[in-house]
Amino acid sequence: MPYWPARPFNGGTVEVRVVLLIYTLLLLLAAMPRSVKAAAKCDLQKGSSCICQMEDGSGTIDLSAISSTTKDKPYFSGIKGPKNYLYSFNPCMPFSEKGCNNAIICQQDHACCGRNTAVAFDTTKNPPTLTYGNGDNFHGPRQSIFQLKCDEGQDHQLVMNKEDPSGHYQFTLTSKHACITKPTQPPPPPATTQAKPTEPQPTHGPTGQPYHHKEDNPISLGTILDICALMLVITYLIAGTSFMYFRRGERGKDALPNLAFWMMLPGLVKVRNSAVCSVCSMC
């Protein structure tokens, strides 16, 4: 077998470039997330402007405990904002007062800043937001956006942050009621002495077409890359070993492809890491 003499460490040699490429690919594979779970959406409960249910069944956000049920008596009143404006807010039930009619959020003595006819929860943001639109017109309908900060130690705290842009009112509501409440677990069924036979699931619909069941755990991008890398390594070993064995006549460990290079690899990586650490220590 031909012998490849070791060359001095040089950033321009082919071996070092290959080492750096492999090193970088391994780091990327290690850092690749194996699964990315998107934040669940929250659907507004029918007939409500302050309760939403998580699509994945993880729980609900319910602000009804900090909303007044007395007519025209909002739960929050006199909340100070910029330019000395005062605000009233009742999350679930509309109210009317001076300057506002059927409002959820009111700039006192001035205008309605949001109604329950246009409500949207957004739990994909951090923190989640609750938006009330369709307010009185001011360069378009006014709307109010509430950041919902979960704090188990706080019953309710409402802060008016700013109006930006004009007609868009930014609030922060901090409360334990802004947290996602997990559903209560039903009691386990009583034990039975005889287990019911499991009914086979149908494989075809009424029209004879087969069902297509959605997989719960799709393969992630990181897993695909891992499989591709493994297949490349296996292909490299099989093809390289076959070439060395049949064409070169090598036997034993000498039949491994590029054996000299792989024996040099740990030393090259060690030298490279030492050089990087030296540069970092000088910074």
Side-chain angles (χ1 to χ4, degrees), residues 37-82 85-97 99-108 111-136 141-164 167-187:
K37 184 178 180 180
K41 295 182 179 180
C42 202
D43 295 328
L44 193 67
Q45 189 178 87
K46 187 176 181 180
S48 172
S49 61
C50 62
I51 304 174
C52 76
Q53 297 177 340
M54 305 299 293
E55 282 187 349
D56 60 358
S58 59
T60 60
I61 298 177
D62 187 353
L63 303 180
S64 59
I66 50 175
S67 182
S68 173
T69 57
T70 305
K71 184 179 180 181
D72 298 334
K73 294 290 184 180
Y75 193 89
F76 298 90
S77 183
I79 304 300
K80 295 183 179 180
Y85 282 117
L86 299 179
Y87 295 85
S88 302
F89 175 50
N90 203 46
C92 303
M93 182 177 176
F95 62 93
S96 298
E97 61 182 24
C100 297
N101 184 34
N102 291 328
I104 289 292
I105 175 72
C106 175
Q107 195 178 65
Q108 292 180 2
C112 170
C113 301
R115 294 185 169 89
N116 64 343
T117 54
V119 186
F121 277 91
D122 189 351
T123 52
T124 62
K125 295 181 179 179
N126 187 20
T129 60
L130 171 58
T131 302
Y132 294 95
N134 203 22
D136 291 342
R142 287 177 167 88
Q143 65 176 1
S144 298
I145 302 96
F146 293 81
Q147 285 188 336
L148 303 179
K149 288 192 175 182
C150 171
D151 186 349
E152 295 289 353
Q154 178 71 47
D155 187 72
H156 61 274
Q157 183 185 44
L158 181 62
V159 177
M160 199 288 167
N161 300 318
K162 58 183 178 180
E163 179 185 353
D164 182 31
H168 293 68
Y169 304 89
Q170 312 286 339
F171 296 84
T172 299
L173 176 61
T174 305
S175 172
K176 61 184 179 181
H177 304 292
C179 303
I180 298 176
T181 305
K182 296 182 179 180
T184 57
Q185 297 293 335

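Note: hydrogens, waters and symmetry copies are ignored here, and every other heavy atom, side chains too, is used. Throughout, numbering of the chain's residues begins at 1 and tracks the sequence.
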Side chains of D62 and S64: is there a donor and an acceptor less than 3.5 Å apart?
yes
I need the minimum non-hydrogen distance between T174 and Q154, along with the two atoms involved.
O-CG, 3.5 Å
Side chains of D151 and K176: does their closest heavy-atom pair fall under 4.5 Å?
no
Non-hydrogen side-chain atoms of N101 and D136 separated by less than 4.5 Å
no
N/O donor-acceptor pair under 3.5 Å between S96 side chain and N102 backbone:
yes
Which pair of heavy atoms, one from P91 and one from Y132, lies closest together, and at what distance?
O-OH, 2.9 Å
Measure the CZ-SG distance between R115 and C113 for me, rounded to the nearest 0.5 Å.
10.0 Å
Is any side-chain heavy atom of Q157 less than 4.5 Å from a side-chain heavy atom of L173?
no
When you compare the side chains of E97 and S88, does any donor N or O come within less than 3.5 Å of an acceptor on the partner?
yes
Can you tell if the side chain of H156 reaches within under 4.5 Å of the side chain of F76, non-hydrogen atoms only?
yes
How long is the gap from NZ on K149 to OG1 on T172, to the nearest 0.5 Å?
5.5 Å
Check whether any side-chain N or O of Q107 sits under 3.5 Å from a backbone N or O of C112 as a donor-acceptor pair, and report yes or no.
no
Would you check if M54 and T60 make a side-chain contact, meaning some heavy-atom pair closer than 4.5 Å?
no
Closest contact, heavy atoms only, N134 versus P141
CA-CB, 4.1 Å
What one should report as the nearest heavy-atom pair of Y87 and G81 is CE1-CA, 4.0 Å
Between atom CD of Q170 and atom CZ of F146, what is the distance when rounded to the nearest 0.5 Å?
10.0 Å
For this output row, return yes or no: ring centroids of F171 and F89 closer than 6.0 angstrom.
no
Mark yes or no for whether T129, through its side chain, and Q147, through its backbone, hold a donor-acceptor pair below 3.5 Å.
no
To the closest 0.5 Å, what do you measure between CG (N116) and SG (C92)?
10.0 Å
For the backbone of I105 and the side chain of S144, can you confirm whether one donor and one acceptor N or O come within less than 3.5 Å of each other?
no
Report yes if the side chains of C150 and I180 come closer than 4.5 Å at any heavy-atom pair, otherwise no.
no
Nearest heavy-atom approach of Q108 to S77 is NE2-OG, 3.3 Å
For the CD1 atom of I61 and the CG atom of L148, what is their distance to the nearest 0.5 Å?
6.0 Å
I'd like to know if the side chain of Q53 and the backbone of G57 have a donor-acceptor N/O pair within less than 3.5 Å.
no
For disulfide bond (SG atoms under 2.5 Å apart), just list the numbers for C52 and C42, CA-CA rounded to whole Å, side-chain angles, deciding distance to a tenth of an Å, and then say yes or no.
CA-CA 6 Å; C52 76; C42 202; 1.9 Å; yes
Nearest atoms (heavy-atom pairs only) where I79 meets M160:
CG2-N, 4.2 Å
Assess whether side chain to side chain contact (heavy atoms under 4.5 Å, CB included) is satisfied between F121 and L44, documenting all intermediate values.
CA-CA 7 Å; F121 277 91; L44 193 67; 3.5 Å; yes
side-chain contact (heavy atoms from CB on, under 4.5 Å) with L63: which of I51, L130, N90?
L130
